[in-house]
Visitor: 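Submitted below is the structure of interest, expressed as structure tokens.
Each residue takes its place number in the sequence, starting with 1.
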Amino acid sequence: AEAIAPGDRSLVLKRAPATILADLPVDLPRPSLVPALRELAELAQRLFRVECTVEAGEPLFIPAALAAHQLYRIAQEAMSNAIRHGRAKQLHVRIVSSGDSTTLSVRDDGVDLKTQGKVRNGVGQRLLQYRAEMIGGTLETSPDGHGGTIVTCSFGIPARADGVPA
């Protein structure tokens, strides 16, 4: 086995599967969800040679820091799954607020895992579901109509939200 010098992550990054994307730590200073998603997209582009865009509606309101953290983690896991399992080359992350709800979606051009019976109730899918439920939301994984997969998390914004702009 090759030894890795302290502080030399280049070898690790060259050999790392897409799981590295899902394992990155996150500390979201308020307000920073959209910039953090953009940074994650740039990292995915550099590490995995995929095209990744982030679209954020204005105004965007996330009701609490916990919700922002969970939304980031949902996007992170969905992107990792698209690269690792779906062999995606293009990813599009979108987050918008409309009326009393906010929706995060991650769309990819990879293999449509659900139609092919590859979306299972495994640890990753259960974790995505759990994170959505933590913020009072729902999660759906479905074909995107163009051969890829779309993961969508929607949640309501409380009438009196003590949250932060994203």
Side-chain angles (χ1 to χ4, degrees), residues 18-45 47-48 50-86 88-114 119 121-159 161-166:
T19 55
I20 193 169
L21 198 62
D23 293 337
L24 292 172
V26 62
D27 181 22
L28 295 175
R30 298 164 66 154
S32 65
L33 177 60
V34 173
L37 290 173
R38 288 192 171 118
E39 186 176 306
L40 181 64
E42 290 171 11
L43 181 64
Q45 289 181 132
L47 292 179
F48 305 106
V50 296
E51 181 181 328
C52 190
T53 57
V54 176
E55 175 187 351
E58 294 290 334
L60 184 62
F61 191 80
I62 307 299
L66 173 65
H69 181 84
Q70 296 308 323
L71 289 169
Y72 179 89
R73 288 297 194 187
I74 288 168
Q76 191 177 37
E77 179 70 19
M79 290 168 65
S80 176
N81 289 345
I83 295 167
R84 183 176 27 176
H85 302 299
K89 295 297 177 195
Q90 293 182 335
L91 300 166
H92 182 73
V93 180
R94 181 173 189 257
I95 185 162
V96 294
S97 294
S98 177
D100 62 352
S101 67
T102 295
T103 301
L104 167 77
S105 62
V106 178
R107 180 183 306 263
D108 70 68
D109 71 341
V111 177
D112 173 2
L113 300 176
K114 192 160 189 171
V119 170
N121 198 19
V123 173
Q125 191 66 26
R126 288 194 313 261
L127 182 58
L128 286 170
Q129 187 68 45
Y130 173 75
R131 290 186 183 283
E133 289 171 3
M134 281 184 68
I135 59 174
T138 60
L139 185 102
E140 181 182 351
T141 301
S142 59
D144 78 343
H146 301 287
T149 299
I150 184 166
V151 175
T152 305
C153 175
S154 299
F155 66 98
I157 299 171
D162 295 328
V164 295

Visitor: Taking all non-hydrogen atoms of both residues into account, name the closest pair between G147 and D144 and its distance.
Guide: N-OD1, 3.3 Å
Visitor: Kindly give the heavy-atom pair with the smallest separation between I62 and A67, and that separation in Å.
Guide: CG2-CB, 3.7 Å
Visitor: Give the minimum heavy-atom separation between L60 and S97, together with the two atoms involved.
Guide: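 Shortest heavy-atom contact: CD1-OG, 3.2 Å.
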Visitor: Nearest 0.5 Å please: distance from the CZ atom of R38 over to the CD atom of E55.
Guide: 9.5 Å
Visitor: For side-chain contact (heavy atoms from CB on, under 4.5 Å), just list the numbers for S98 and T103, CA-CA rounded to whole Å, side-chain angles, deciding distance to a tenth of an Å, and then say yes or no.
Guide: CA-CA 8 Å; S98 177; T103 301; over 6 Å; no
Visitor: With a 4.5 Å cut-off on side-chain heavy atoms, are H92 and D109 touching?
Guide: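 In short, these two side chains do not touch, never coming nearer than 4.5 Å.
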Visitor: Once rounded to the nearest 0.5 Å, what's the spacing between atom OG1 of T53 and atom CG of L37?
Guide: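 That separation rounds to 11.5 Å.
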Visitor: To check you understand the geometry: which heavy-atom pair defines the closest contact between M79 and A41, and what is its length?
Guide: CE-CA, 4.0 Å
Visitor: Working to the nearest 0.5 Å, report the span between CG of D108 and CD of E51.
Guide: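 D108 atom CG to E51 atom CD measures 12.5 Å (nearest 0.5 Å).
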Visitor: Show, in sequence, the C-alpha distance, side-chain angles and deciding distance for S105 and T152, and conclude whether the side chain to side chain donor-acceptor pair (under 3.5 Å) test is met.
Guide: CA-CA 4 Å; S105 62; T152 305; 5.2 Å; no
Visitor: So does Q45 have more than 12 non-hydrogen atoms from other groups sitting under 6.0 Å from CD?
Guide: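 Count over threshold, so yes.
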Visitor: What distance separates Q125 CD from T141 OG1, expressed to the nearest 0.5 Å?
Guide: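 Reported to 0.5 Å precision, the distance equals 3.5 Å.
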Visitor: Would you indicate whether the side-chain heavy atoms of L40 and V54 approach each other to under 4.5 Å?
Guide: no
Visitor: Out of curiosity, I95 CD1 to L33 CG, how far, rounded to the nearest 0.5 Å?
Guide: 5.0 Å
Visitor: Looking only at side chains, do R73 and Q76 share a donor and an acceptor under 3.5 Å apart?
Guide: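 Yes, because at least one side-chain N or O of R73 sits under 3.5 Å from a partner of the opposite role on Q76.
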Visitor: What distance do C153 atom SG and R131 atom CZ have between them, rounded to the nearest 0.5 Å?
Guide: 11.0 Å
Visitor: side-chain contact (heavy atoms from CB on, under 4.5 Å), that's the test. Do L104 and V93 meet it? Break it down for me.
Guide: CA-CA 7 Å; L104 167 77; V93 180; 3.9 Å; yes
Visitor: Measure across A132 and L139 and return the closest heavy-atom pair with its distance rounded to 0.1 Å.
Guide: CB-CB, 3.8 Å
Visitor: Counting distance only, does the side-chain N/O of N81 pair as donor-acceptor with the main-chain N or O of R84 below 3.5 Å?
Guide: no
Visitor: Testing the basics here: between A78 and L128, what is the closest heavy-atom pair and its distance to 0.1 Å?
Guide: N-CD2, 4.4 Å
